[in-house]
Amino acid sequence: MKKLLITKQAGVVLLCAVIASACSDQTATTNSNAEASSTASASSTKAASTDLIQKVEYADDDKYTDWSSSNPTEIKLNGTGASINGSGAEVKESTVSITAAGTYVVSGKLDNGQIAIDVKDKGTVRLVLNGAEIYNNSTSAIFVEEAGKTIISLQEGTNNLVSDGKTYVYPDASTDEPNSAIFSKDDLTINGAGKLVVQGNYNNGITSKDKLKITGGTLDIHAIDDALMGRDLVAVQEGSVTIEAGGHGIKTTKDTEGSEGYIDIAGGSFNINSGEDALHSSGGLHINGGDMHINAGDDGINAEVSIAIAGGTIDIAKSNEGIEAPTVVISDGKTSVVSSDDGVNISSGDAEAAGGGGPAGPGGNQSGAASSNKLTISGGNLTVDSKGDGLDSNGSIAMTGGTVIVNGPTENGNGPLDYDGTFVMTGGFLVAAGSSGMAQATSEQSTQPGVLMTYSKAQQAGAMVHLEDSDGNTVLTFTPPKSYQSLFVSSPTIKKDASYTLSSGGTSTGSQVNGLYDGGKYQGGTKVVDFTTSSVITWLSESGVTAARSGMGGPGGNRGQGGGRGGMPPAGGGEPPQKTQ
């Protein structure tokens with residue numbers, strides 16, 4: 001489903017020239033490619049150069065957790081107050097104030113109070129939670145007013161809890177922060193090997209107005225709105241994170257052009273249930289490791305500038321749109337998407353519109369064939385199960401490697417592949433099964449051949465499809481889990497001017513992953529059609545090779561030309577299937 005920009009004036013995002021080796025290196029930084037500027041219309045806003053992958057620096061103290069040799073100050077909570085052994089902290093009623101850099105070890109329970117950190121000389125404060133429970137009924141339980149950096153270390157073997165109330169009391173009507181159970185106006189790092197439960201009953205769970213880094217620990221975060229928020233950065237290197245959020249799961253907010261917020265996931269395990277996006281970046285988003293399980297009420301992974309997936313395992317079990325950004329590069333990793341709308345959406349904005357193409361309103365931000373929006377796939381494994389478009393680019397698509405499996409949609413208002421510019425395929429393996437009304441093949445500019453089969457009627461879910469060459473070598477054995485009337489496949493094993501047989505039904509002894517079979521023997525199928533490839537893209541029906549439908553992956557790859565999106569004649573076909581020998 002098409003999306004156009006109506007709010008954020010992000011400009012024309014220049015696609016970075018990314019190769020697989022660069023994307024798989026966590027510290028690599030890609031360079032902008034000015035290719036799109038020559039195609040952008042004069043009404044476009046000014047071009048902006050944005051790196052897909054940024055280098056995230058970790059200091060030694062981000063990981064260092066030993067506190068026994070640092071002459072720590074001990075803070076023992078006792079319900080209504082605390083006792084303090086050491087310097088740099090004082091207690092007044094139920095508020096523990098830390099005013100000097102140093103290490104502070106907190107244990108015990110505070111029924112309705114606060115740990116308040118205010119270090120004017122911008123020193124580093126290490127707050128060790130050593131079996132601590134901190135509750136506050138009317139504001140943040142841990143509040144960093146000022147410090148160079150605050151490090152919350154979770155002592156190994158301990159359980160810790162931080163919770164705020166449902167209602168905050170502010171000094172005046174113009175004040176709206178803090179607004180999280182843990183709130184820091186400066187850099188915040190969480191590390192260690194203990195457990196921390198955070199209950200954000202008022203608004204957010206953990207917020208940093210600067211950079212938020214997680215290098216260890218087990219975090220269980222419950223938030224009315226957003227769970228983890230960093231204005232400039234949220235970076236996770238290690239740790240186990242469980243999130244229940246009414247809003248976003250992980251979020252950055254800085255929207256200054258050229259220095260937008262950034263999310264970097266290099267490792268760790270994640271279980272995220274969110275009411276809005278599970279991951280939402282105001283700028284770029286990079287995933288290079290980790291194990292992520294997502295159930296999202298809105299998008300699974302969303303970035304306003306770019307997304308780079310270069311490793312890790314991503315399982316988006318529920319989403320509106322699975323992955324969305326103006327620029328997406330997938331170079332490695334294992335990614336699975338289930339979506340009620342588009343699986344992967346390449347779009348310059350969040351607002352839905354009925355059509356696509358052309359400048360988006362008075363601002364002139366572009367979508368469509370002239371857009372710099374682009375999906376690039378150079379490696380990894382991507383599986384999509386969508387009710388909307390499978391791969392949808394309000395721009396173009398390029399694929400040079402990797403394996404992509406698309407299932408859906410079943411309704412003709414969307415297509416398994418949907419792009420406005422070109423889809424140039426030069427390598428990798430792609431199979432896309434779904435409805436036929438708007439089915440597209442890859443573009444004629446591709447160097448790797450592909451075959452698009454359109455059936456005269458829908459095939460049942462689980463009906464095996466098999467494609468083999470004239471020597472009996474298997475190109476594809478696949479069982480789409482949903483009903484389908486079109487099937488596109490592009491593989492390095494498909495050649496021009498070669499003969500093939502497409503069959504339905506039967507069985508295979510090969511190993512199966514996501515409906516795609518590898519190895520084994522295929523038998524018992526019914527021949528649907530014999531054909532010979534004569535061009536890069538071969539269009540098929542049960543009757544044999546047909547002409548490409550205008551605007552559906554032809555020379556320009558733009559649906560807007562010729563027959564466009566609607567009014568295509570039904571696929572021909574009428575000869576009864578023949579039994580494969």
Side-chain angles (χ1 to χ4, degrees), residues 57-62 64 67 70-75 77 81-82 84 86-106 110 113-129 132 134-136 138-154 160 162-164 168-172 174-192 196 198 200 202-215 226 228-235 251-254 256 259 261-262:
E57 300 283 356
Y58 289 92
D60 290 341
D61 60 7
D62 286 326
Y64 183 74
W67 51 268
S70 58
N71 192 28
T73 295
E74 295 184 9
I75 301 173
L77 308 175
I84 297 175
S87 61
E90 62 180 11
V91 60
K92 184 177 181 180
E93 296 178 346
S94 60
T95 298
V96 177
S97 298
I98 297 173
T99 56
T103 299
Y104 301 83
V105 181
V106 183
L110 192 60
Q114 185 181 71
I115 305 291
I117 299 172
D118 192 359
V119 179
K120 298 301 184 182
D121 65 2
K122 290 290 187 178
T124 297
V125 173
R126 180 180 298 280
L127 191 66
V128 180
L129 299 184
I134 307 168
Y135 299 85
N136 194 304
S138 58
T139 188
S140 297
I142 298 177
F143 177 40
V144 182
E145 174 71 35
E146 188 171 6
K149 178 196 291 186
T150 298
I151 303 167
I152 297 178
S153 293
L154 308 176
N160 305 276
V162 174
S163 176
D164 62 4
Y168 274 30
V169 177
Y170 293 113
D172 53 64
S174 63
T175 303
D176 59 2
E177 58 182 46
N179 63 353
S180 305
I182 299 176
F183 189 96
S184 174
K185 290 188 176 181
D186 294 301
D187 289 351
L188 176 64
T189 295
I190 299 174
N191 66 20
L196 173 62
V198 177
Y202 172 69
N203 193 34
N204 299 332
I206 302 175
T207 295
S208 167
K209 293 294 293 293
D210 206 328
K211 300 179 180 68
L212 173 60
K213 298 177 183 178
I214 298 172
T215 64
D226 305 324
L228 289 173
M229 180 187 290
R231 178 177 179 270
D232 295 351
L233 172 72
V234 176
K251 180 181 181 180
T252 59
T253 59
K254 186 178 181 182
T256 303
S259 60
Y262 193 72

- Message: I want to check something: taking the side chain as every heavy atom from C-beta on, are T150 and I142 in contact at a cut-off of under 4.5 Å?
- Response: no
- Task: Measure across A141 and S163 and return the closest heavy-atom pair with its distance rounded to 0.1 Å.
- Result: CB-O, 3.5 Å
- Query: Does the side chain of R126 reach to within under 4.5 Å of the side chain of N191, using non-hydrogen atoms?
  - Reply: yes
- Message: As an exercise, state the distance from NZ of K251 to OG1 of T207, rounded to the nearest 0.5 Å.
- Response: 9.5 Å
- Note on the structure: On a heavy-atom basis, the closest approach of L212 and G230 is CB-CA, 4.4 Å
- Query: Checking side-chain contact (heavy atoms from CB on, under 4.5 Å) for the pair T215/Y64: CA distance, chi angles, key distance, verdict?
  - Reply: CA-CA 10 Å; T215 64; Y64 183 74; over 6 Å; no
- Item | Euclidean distance, R231 CZ relative to K209 NZ, rounded to 0.5 Å | 7.0 Å
- Query: Is the backbone of S180 close enough, under 3.5 Å, to the side chain of S140 for a donor and an acceptor to pair up by distance?
  - Reply: yes
- Item | Y262 and T252: CA distance, side-chain angles, deciding distance, side-chain contact (heavy atoms from CB on, under 4.5 Å) verdict | CA-CA 6 Å; Y262 193 72; T252 59; 5.6 Å; no
- Closest heavy-atom pair, G81 versus L110, reported as atoms and distance to 0.1 Å, is O-CD1, 3.6 Å
- Message: Apply side-chain contact (heavy atoms from CB on, under 4.5 Å) to residues K92 and S97 and explain how you reach the verdict.
- Response: CA-CA 8 Å; K92 184 177 181 180; S97 298; over 6 Å; no
- Item | Between CG on residue L154 and CG on residue L196, distance to nearest 0.5 Å | 5.5 Å
- Query: Are the side chain of K213 and the backbone N or O of E57 linked by a donor-acceptor pair below 3.5 Å?
  - Reply: yes
- Item | V198 to A181 - nearest heavy-atom pair and separation | CG1-CB, 3.8 Å
- Query: Distance-only, no hydrogens or angles: does the N204 side chain make a donor-acceptor pair with backbone N or O of D226 under 3.5 Å?
  - Reply: yes
- Test side chain to side chain contact (heavy atoms under 4.5 Å, CB included) applied to D172 - qualifying residues, sequence neighbours left out: S174, T175
- Query: Between D186 and A147, is there a donor-acceptor pair closer than 3.5 Å when you use the side chain of the first and the backbone of the second?
  - Reply: yes
- What distance do L129 atom CG and I134 atom CD1 have between them, rounded to the nearest 0.5 Å? 5.5 Å
- Query: Going through the distances and angles, do V106 and V96 end up as a side-chain contact (heavy atoms from CB on, under 4.5 Å)?
  - Reply: CA-CA 10 Å; V106 183; V96 177; over 6 Å; no
- Query: Which heavy atom in A89 sits nearest to a heavy atom in I98, and how many Å separate them?
  - Reply: CB-CG1, 4.1 Å
- Atom CD1 in I182, atom CD1 in I206: separation rounded to 0.5 Å? 4.5 Å
- Between Y104 and A100, the two heavy atoms sitting closest are OH-O, 2.7 Å
- Query: Within a reach of under 6.0 Å around CG of N71, are more than 12 heavy atoms found that belong to other residues, nucleotides or ligands?
  - Reply: no
- Query: Which residue pairs satisfy the salt bridge (Lys or Arg N to Asp or Glu O under 4.0 Å) criterion with at least one member in residues 141-150, sequence neighbours excluded?
  - Reply: D61-K149, D62-K149, K120-E146, K122-E146, E145-K185
- Those residues that, when tested against T139, pass side chain to side chain contact (heavy atoms under 4.5 Å, CB included) (two or more places apart): Q114, N136, Y168, P178
- Item | Spacing of D187 atom CG and K211 atom NZ [to the nearest 0.5 Å] | 5.0 Å
